[in-house]
Structure formats: structure tokens, C-alpha cells
Colleague: 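Below is one structure. I have some questions about it.
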Amino acid sequence: VTFSERGVVSQRFGFDDFTGTALTNAVASLEPYYRTGTAARQILAGCGTRLEAIGTDGAIVASQTGLTTGTWDFCRFGAPGSEVAYAGNGENLLYKWDGSAWASVANSPKARYLAVMAVDQGNRMVAGGMDDSATDGPAAAQTYTSRVYFSNAGAPETWGANNYVDVTPGDGEKVQNVITWRERVFVFKETKFFVFYGTSTDSSGNPVFNYQTVDTGTGLASPRAVAVAPNGVYFMSRDGVYFTSGRDPEQVSDLIDPIWTGNVSDFYTGGVLAHASITNCAMTFFEEKLYLAFPTSSANNRVLVFDPRYQWWSLWNLPAACLSSFRISDRAELVFGFSSGGNEIGRYSSAYTNDNGSAITSYWRSGWQDWGLTQEKTVREM
């Protein structure tokens, strides 16, 4: 179910296949790609050993095959006369998409996570999530799991030899994701995060990337469980969902703590997070609500929906491996890669009254109240 602004409980919308026919591999990540001119809207899909670009008709525009399997991340980089998106999976060199073809980026870091510094902060590509391998960095530089690379200013395919920062190396944690909110870049590890806010120059002329560490014991538990909202960043730690705008994070999921702790009421039957599969969790922010897909066993089979305005949480049963927004027609819609049932992309819409042909079973159970008396009571009227 879902809750309206007036608190009315109603059945959620349904979903159907957007792609129509199954893709070669399952979809693990999605990112919208918009550009000017014809065929202006596409959605990019990371599918293990393949990258797919898909048009608004659900058909594949172009594929990149023969890649090393991995979960892909995407990032736009704008420059005059250029409308390019980059993709990384931590195993291959970066790939870029220009609206019609995929191309490998030479001498780029083999990064899992990508972001862009704001124009007034240097307009640099930011890359993190490398393995501890000498072949993962540009120009064969030694890289580490705590290293964050920065491209040259305004040049996403040029990486200076000194353009990097090692964030708390040797702490036994890997960089979990890199995202941008407004003029800041957030680099997450498992129990902390780092906020990059500007660039200066040292006495040798090398760039210095200024940042502050937010070490409260709270970090990112699943690389895809982070989402940028207009007012800040939401992310999932091992004990719940948090919000930050660059300062100490605030937990927003305390009302539903049992999802993470497992200490649920006897009356709750919706399932709790399977911590053994926590890295499958995925998150997005869409139409003023936060969506968090999580598994109760292995594959994601539940979606928590949070309305920050009214502090309402709803529980859905969408099989979403990843989530994103995409403007298929006139307005953005929620789309997702199927975590089970096929290699298609799902389309959640008010136009659908069932789930891919299956009826929706919707129900909601309120909280419990004994009115301060333990005796059994009969309610005569409300």
C-alpha cells in the first residue's frame, strides 16, 4: 500500500515490462541519459558483462559486450558541445556513451564509482572503488582500495599523476561509493564518509583536494544503497537509513528499526533484511520519496518507501535489483531492473493495476494500543 498526503491508505500502482523482450543479462544498475536533438532520451543499463543503451520504446540502441562482469556505475560529464556519460565497474577501463555508441577510455582508472565535482570546484571527474592492483590506475600507478582519483579540470579523460587522495588507508575498509550533491562530493566507506568541498594548489603547483572526514561509526553498507535528494543525501548503514547534508548523519529509520535488527513484533509478517545479502540493497529518490530495495533472503524482494515530509514508511513487494527515474514519455517514471523473474526492465506506473499480469494483494495493519489497560476490551464504536 501507499499513503496519500492526507494519510489515506490505498493500493500502490502496478508494474509491467518496459523492455518488452528479455535482455541478454540481468540488469543490476540503471541511469537516465538525456541529450538534445533526436532520440534525446535513453536509459543506460549495467548488465554484468554488457552495457546496454535503451530508447524510450524499450528497444536496445547499442550494446557493449565482452566485458568483465561487475556492477556498473554511471556519471554524466558536461562540456561545451559534448553530451557524454561514463560507466565503470571496477574491472574494465571506463566506457563512455555519446548517444549512439560505446567507447573505451584509454588510461582511465578501473573505477567502480563515478561522480563529478561542481564547475566552480574544478569540474573534474571523480573515481573510486579500485582494487589493490598496480594495473587499476591511470598510467599504471599503484592504487589502493582507499584511493580516490580526480581527472584534470574540465578533462574527464585526462588523469594527472598526482590527482588522488587516499582516505584513511589501512583501516580495513573499501571505498563504497562516490556521489555528488550540489557543490560537494561524498566518498563513502563502511563506517565513515568524506566530504570534498574544494580544490587548492600546493607550493609545487599540484592540486590539493580539500575535504573533511565525518567519522561517527556510520557509513555505507551497500554500494548502491545511496540516493541524492534535493536537500541532501540518504544512505543505508548496517543499522538503518541515514540522512546527511555534509554534517553528522541523522537516522531516519528509527520507526522501523526491526527491519535491520530482526526484533520484530509477532504481528509483523513482512520480512526483515537478510544481512548476508546486504550488498544487494539499492536506493533511489523519486518524486519526493525515498525507495530502498532490500532482500529478505537472497535477491531483493521488498521495497521500503519513505516520505520525508510526513515521516511515513510503506512496505512494497517489488522485485527490484536497482531503481531509477526515467522520462519515458512526458514525465519521469520509476523504473527498475528485475531481481527475479526475468532480464527485463520494469516500469512502475499508475497505468498498471496489476504486477506484470498478476493481481496485487494489498493490505495494511495498524499499530496496537491497549488504552493503558491490560484487560480484554470490546470496541463498540469509533
Side-chain angles (χ1 to χ4, degrees), residues 1-3 12 28-29 71 113 171-177 179 186-193 214-229 231-245 247-286 289-323 336-337 339-340 363-368:
V1 301
T2 189
F3 296 94
R12 64 162 174 79
S29 53
T71 301
Y113 317 117
D171 62 357
E173 299 182 10
K174 297 180 179 181
V175 170
Q176 291 283 78
N177 209 326
I179 59 98
F186 291 70
V187 176
F188 286 92
K189 295 185 94 173
E190 296 171 49
T191 63
K192 59 182 79 75
F193 60 91
V214 183
D215 188 356
T216 63
T218 301
L220 184 60
S222 174
R224 290 175 294 166
V226 58
V228 176
N231 60 333
V233 177
Y234 289 91
F235 65 96
M236 191 195 76
S237 188
R238 288 192 172 273
D239 60 349
V241 177
Y242 287 79
F243 171 83
T244 180
S245 58
R247 297 187 175 92
D248 289 358
E250 301 176 1
Q251 189 174 16
V252 298
S253 61
D254 52 315
L255 290 175
I256 54 170
D257 272 342
I259 295 290
W260 288 268
T261 66
N263 299 321
V264 297
S265 163
D266 292 338
F267 302 108
Y268 172 74
T269 59
V272 299
L273 171 66
H275 280 267
S277 303
I278 196 170
T279 55
N280 290 337
C281 294
M283 185 183 289
T284 195
F285 195 86
F286 172 71
K289 293 183 177 66
L290 181 71
Y291 296 80
L292 170 62
F294 72 93
T296 61
S297 179
S298 53
N300 291 350
N301 60 341
R302 296 287 187 271
V303 173
L304 285 166
V305 184
F306 176 56
D307 190 324
R309 298 166 297 177
Y310 305 105
Q311 304 296 300
W312 292 336
W313 288 92
S314 298
L315 184 66
W316 294 357
N317 62 334
L318 297 185
C322 55
L323 307 109
F336 59 93
S339 57
S340 60
Y363 50 91
W364 173 73
R365 177 176 284 169
S366 73
W368 299 84

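Note that these values count all heavy atoms, side chains included, but never hydrogens, waters or copies made by symmetry.
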Colleague: Could you check whether any side-chain heavy atom of Leu323 comes within less than 4.5 Å of a side-chain heavy atom of Phe286, counting everything from C-beta outward?
Modeller: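 No, their side chains stay 4.5 Å or more apart.
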Colleague: Between CZ of Arg12 and CG of Asn317, what distance do you get to the nearest 0.5 Å?
Modeller: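 Going from CZ on Arg12 over to CG on Asn317, the span is 5.0 Å.
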Colleague: What distance separates Leu315 CG from Thr2 OG1, expressed to the nearest 0.5 Å?
Modeller: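 One gets 11.5 Å once the value is rounded to the nearest 0.5 Å.
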Colleague: List the atom of Glu190, the atom of Gly172, and the distance in Å for their closest heavy-atom pair.
Modeller: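 Minimum heavy-atom contact is OE2-O, 4.4 Å.
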Colleague: Can Asn300 and Phe336 be said to form a side-chain contact (heavy atoms from CB on, under 4.5 Å), step by step?
Modeller: CA-CA 11 Å; Asn300 291 350; Phe336 59 93; over 6 Å; no
Colleague: Please name all residues satisfying side-chain contact (heavy atoms from CB on, under 4.5 Å) with Val305, sequence neighbours left out, ordered by chain then number.
Modeller: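 Here the qualifying residues are Lys289, Tyr291, Val303, Ser314, Trp316.
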Colleague: With sequence neighbours excluded, tell me which residues meet side chain to side chain donor-acceptor pair (under 3.5 Å) with Asp239.
Modeller: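 Residues passing side chain to side chain donor-acceptor pair (under 3.5 Å) with Asp239: Tyr242.
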Colleague: Do Trp313 and Leu292 have side-chain heavy atoms sitting under 4.5 Å apart?
Modeller: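 Not touching, per the 4.5 Å side-chain cut-off.
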Colleague: Considering non-hydrogen atoms only, spot the tightest contact between Ser29 and Cys322 and give its length.
Modeller: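 Shortest heavy-atom contact: N-SG, 3.4 Å.
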Colleague: Could you tell me which residues satisfy salt bridge (Lys or Arg N to Asp or Glu O under 4.0 Å) with Arg309, sequence neighbours excluded, listed by chain and number?
Modeller: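 Here the qualifying residues are Glu5, Asp307.
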Colleague: Can you tell me if Arg238 uses its side chain to pair, donor with acceptor, with the backbone of Ile278 under 3.5 Å?
Modeller: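 No: the side chain of Arg238 does not pair with the backbone of Ile278.
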Colleague: So, does Ser237 use its side chain to make a donor-acceptor pair with the main chain of Gly219 at under 3.5 Å?
Modeller: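 Such a contact is found between Ser237 side chain and Gly219 backbone.
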Colleague: What pairs with Glu173 under side chain to side chain donor-acceptor pair (under 3.5 Å), at least two apart in sequence or on another chain?
Modeller: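 Partners of Glu173 under the side chain to side chain donor-acceptor pair (under 3.5 Å) test: Thr191.
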Colleague: Roughly how far, to the nearest 0.5 Å, is the OG1 atom of Thr216 from the CZ atom of Arg247?
Modeller: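 If I round to the nearest 0.5 Å, the distance is 14.5 Å.
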Colleague: Does His275 use its side chain to pair, donor to acceptor, with the backbone of Trp260 at less than 3.5 Å?
Modeller: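 Flag set: sc His275 to bb Trp260 pair under 3.5 Å.
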Colleague: Report the distance from atom CG of Asp171 to atom NZ of Lys189, rounding to the nearest 0.5 Å.
Modeller: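 Those atoms lie 3.5 Å apart.
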Colleague: Heavy atoms, side chains only, cut-off 4.5 Å: are Val226 and Gln176 in contact?
Modeller: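 Not touching, per the 4.5 Å side-chain cut-off.
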Colleague: Are there more than 12 heavy atoms of other residues, nucleotides or ligands under 6.0 Å from atom NZ of Lys174?
Modeller: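 Counting neighbours around NZ of Lys174, 12 or fewer heavy atoms of other residues, nucleotides or ligands fall under 6.0 Å, so no.
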Colleague: Which atom names give the shortest non-hydrogen contact between Ala274 and Ser297, and what distance separates them?
Modeller: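 What the structure gives for the nearest pair is CB-O, 3.2 Å.
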Colleague: Apply side chain to side chain donor-acceptor pair (under 3.5 Å) to Arg302 and list each qualifying residue two or more places apart in sequence or on a separate chain.
Modeller: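 For Arg302 there are no side chain to side chain donor-acceptor pair (under 3.5 Å) partners, ignoring immediate neighbours.
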Colleague: Test side-chain contact (heavy atoms from CB on, under 4.5 Å) on Gln251 and Phe243 and set out the steps.
Modeller: CA-CA 6 Å; Gln251 189 174 16; Phe243 171 83; over 6 Å; no
Colleague: With sequence neighbours left out, write down each residue that passes side-chain contact (heavy atoms from CB on, under 4.5 Å) with Ser298, or none if nothing qualifies.
Modeller: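 Only Ser277 meet the side-chain contact (heavy atoms from CB on, under 4.5 Å) criterion with Ser298.
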Colleague: At their closest point, which heavy atom of Gly240 faces which heavy atom of Ser253, and how far apart are they?
Modeller: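 Heavy-atom minimum between the residues: CA-OG, 3.3 Å.
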Colleague: Can you find a heavy atom in the side chain of Asn177 that is under 4.5 Å from one in the side chain of Phe186?
Modeller: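 They are not in side-chain contact.
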Colleague: For Gly270 versus Thr296, what's the shortest heavy-atom pair and its separation?
Modeller: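 The answer is O-CG2, 4.3 Å.
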Colleague: How long is the span from the CE atom in Met283 to the OH atom in Tyr234, to the nearest 0.5 Å?
Modeller: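 So the gap between those two atoms works out to 10.0 Å.
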Colleague: Has Glu250 got more than 12 heavy atoms of other residues, nucleotides or ligands less than 6.0 Å from its CD?
Modeller: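 No, the 6.0 Å shell around CD holds no more than 12 heavy atoms from other groups.
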Colleague: Can you tell if the side chain of Leu304 reaches within under 4.5 Å of the side chain of Ile256, non-hydrogen atoms only?
Modeller: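 They are in side-chain contact.
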Colleague: How close do Phe193 and Thr244 get, counting heavy atoms only, and between which atoms?
Modeller: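 In terms of heavy atoms, the two residues are closest at CZ-OG1, 3.7 Å.
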Colleague: Could you go through Tyr310 and Phe3, starting from their C-alpha distance and side-chain angles, then the distance that decides it, and tell me whether this counts as side-chain contact (heavy atoms from CB on, under 4.5 Å)?
Modeller: CA-CA 10 Å; Tyr310 305 105; Phe3 296 94; over 6 Å; no
Colleague: Are Phe188 and Phe235 packed together at the side-chain level, in the sense that at least one heavy-atom pair is separated by less than 4.5 angstrom?
Modeller: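 SC-SC contact between Phe188 and Phe235 confirmed.
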Colleague: Is there side-chain contact between Pro223 and Tyr113, with heavy atoms separated by less than 4.5 Å?
Modeller: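 Sidechains of Tyr113 and Pro223: in contact.
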Colleague: Going by heavy atoms in the side chains, are Val233 and Ser245 under 4.5 Å from each other?
Modeller: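 Val233 vs Ser245: side chains apart.
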